[in-house]
2 protein chains.
Amino acid sequence: MVMTESNESTRNGVDTATLFATLDAVRQAPEAARFQFRARNEWVNGTHNRSTIHDYFGVGEERTHERTWVFDADHPAVLVGRDNGPTPVEFVLHALAACLTAGLANIAAARGVTLTEVRSTVEGDIDLNGILGLDPGVRNGYEQITVRFTLKGDAPAEKLRELVEQSRARSAVYDIITNQVPVTITVDTQ
Amino acid sequence: MVMTESNESTRNGVDTATLFATLDAVRQAPEAARFQFRARNEWVNGTHNRSTIHDYFGVGEERTHERTWVFDADHPAVLVGRDNGPTPVEFVLHALAACLTAGLANIAAARGVTLTEVRSTVEGDIDLNGILGLDPGVRNGYEQITVRFTLKGDAPAEKLRELVEQSRARSAVYDIITNQVPVTITVDTQ
């Protein structure tokens with residue numbers, strides 16, 4: 001029996017049969033794709049605080065991750081913190097790299113490309129005169145972010161580049177960063 | 001000797017003397033505020049990948065955090081992953097909560113308010129018909145994010161709310177999410 005590569009069920013660690021079945025299921029029941037993700041944060045001391053990630057809503061019901069993850073964030077000493085964790089803006093860079101890379105593996109699998117290596121470096125340039133309130137002409141967030149991928153797989157360079165382009169075109173975090181998401185903040189002082 | 005609260009050097013774990021000295025130093029040398037933060041990501045398998053956060057540039061030189069942090073990201077099984085870490089979009093929620101909370105502690109300290117409790121829950125609503133490519137009218141990222149703070153401290157409710165408002169107005173991650181950051185992606189297929 002000869003199987004073409006595109007019929008193999010798992011490629012790049014992606015179960016493509018399940019991936020396509022999931023796509024078909026959502027096509028039949030689009031409301032299954034409504035998710036709500038959550039983080040719960042607790043202030044520790046100074047700029048040090050801690051988030052817990054565990055529960056979420058998706059495919060019509062409340063769900064939980066298999067584990068509960070806890071992440072500390074802080075500022076380094078040079079920014080008047082104690083370096084108990086990365087800065088919040090560094091987590092944004094991780095999120096962007098992770099989103100583009102996960103999408104890349106899925107898209108490569110769907111297109112029959114076997115990847116052997118994917119690395120990326122994400123750099124975010126920020127002028128802290130913004131958040132320090134010292135220059136009204138400087139924004140608070142990153143001025144620019146640069147992502148550099150190194151990619152190896154069994155496809156020509158042009159096809160590998162197309163995988164990254166498609167991942168960018170379908171990335172949730174890329175969209176969040178490059179476009180605008182409305183954020184509502186409420187405060188309970190009880 | 002009687003010290004007023006605003007003369008105490010540390011409040012909320014924030015060394016306000018150092019905070020104000022830092023502000024003065026940057027006022028004198030604005031280029032010290034140019035920072036570059038970085039994350040390095042490596043694909044593991046499927047939607048599972050891992051970022052390392054360690055070095056950054058700031059105050060005119062290359063620097064390193066006191067530790068090297070490693071964070072895994074993945075999709076849960078219901079999104080065809082293996083749940084080896086939070087999803088990339090959940091890290092964005094952590095980053096937002098962490099940024100607003102760190103700013104809040106600094107601002108409260110600068111204004112002489114002692115905080116006793118700061119908690120927040122961040123919820124992000126997302127319709128995965130976007131990233132799944134099933135509905136061109138649905139965006140890839142969050143449709144909306146809601147942050148709910150619970151705040152206690154030695155100030156009237158209105159003043160506590162003003163602290164959150166000022167933290168929002170000076171938050172790097174809030175700016176990144178609610179406004180647009182240009183992202184450049186390069187691919188090396190060597």
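Chain A is the first sequence line, chain B the second, and so forth, proteins listed ahead of strands; every chain is numbered from 1.
In this structure, OH on Tyr142(B) lies 5.5 Å from CD1 on Ile176(A), to the nearest 0.5 angstrom. With rounding to the nearest 0.5 Å, the separation of CD in Gln180(A) from CD in Gln180(B) is 5.0 Å. Distance CD/Glu42(A) to OG1/Thr121(B): 11.0 Å, rounded to 0.5 Å. Between the CG atom in Leu96(B) and the OG atom in Ser51(A) there is a gap of 9.5 Å [rounded to 0.5 Å]. One finds the CG atom of Asp127(B) at 13.0 Å from the CD atom of Gln36(A) (value rounded to the nearest 0.5 Å). Atoms CG and CG, on Asn49(A) and Leu100(B) in that order, are 9.5 Å from each other to the nearest 0.5 Å.
When Thr52(A), Asp74(A), Thr87(A) are compared by the number of non-hydrogen pairs under 4.5 Å with chain B, Thr87(A) comes out ahead.
When each of His65(B), His54(B), Arg38(B) is paired with Glu90(A), the side chain to side chain donor-acceptor pair (under 3.5 Å) condition holds for His65(B) and for no other. Residue Val26(B) forms a side-chain contact (heavy atoms from CB on, under 4.5 Å) with just one option from Asp135(A), Leu128(A), Leu132(A), and that option is Leu132(A).
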- salt bridge (charged side-chain N to carboxylate O under 4.0 Å, His left out) assessment of Arg34(B) paired with Glu143(A): CA-CA 10 Å; Arg34(B) 295 210 153 270; Glu143(A) 297 170 298; 3.2 Å; yes
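At a threshold of 4.5 Å between non-hydrogen side-chain atoms, the residues Leu79(A) and Phe35(B) count as touching. Glu165(A) has its side chain out of reach of Ile185(B): every pair of non-hydrogen atoms, C-beta onward, lies at least 4.5 Å apart. Put simply, the side chain of Trp43(A) does not reach to within 4.5 Å of the side chain of Leu151(B), judged on heavy atoms.
Without hydrogens or angle criteria, Asp175(B) side chain to Gly141(A) main chain gives a donor-acceptor distance under 3.5 Å. At least one donor-acceptor pair closer than 3.5 Å links the side chain of Asn129(B) to the backbone N or O of Pro30(A). Side-chain atoms of Arg67(A) never come within 3.5 Å of backbone atoms of Asp83(B) as a donor-acceptor pair (strictly under, hydrogens ignored).
Ring geometry, Phe91(B) versus His94(A): the interplanar angle exceeds 60°, so the pair is classed perpendicular (tilted spans 30 to 60°).
When heavy atoms are compared at a cutoff of 4.5 Å, Ile131(A) approaches chain B by way of both its backbone and its side chain. Residue contact with chain B, scored on non-hydrogen atoms closer than 4.5 Å, involves the backbone of Ser171(A) exclusively. His48(A) does not touch chain B: none of its heavy atoms, backbone or side chain, sits under 4.5 Å away. When heavy atoms are compared at a cutoff of 4.5 Å, Tyr56(A) approaches chain B solely by way of its side chain, counted from C-beta outward. Interface remark: Val59(A) contributes side-chain atoms only to the contact with chain B (heavy atom separation under 4.5 Å). Residue contact with chain A, scored on non-hydrogen atoms closer than 4.5 Å, involves the side chain of Val164(B) exclusively. Residue Asn106(A) touches chain B through its side chain alone, counting heavy-atom pairs closer than 4.5 Å. With a 4.5 angstrom heavy-atom cutoff, Ala169(A) touches chain B only via backbone atoms. Interface residue Leu23(A): backbone and side-chain heavy atoms are both found under 4.5 Å from chain B. In this structure, the portion of Asp72(A) lying under 4.5 Å from any heavy atom of chain B is its backbone and not its side chain.
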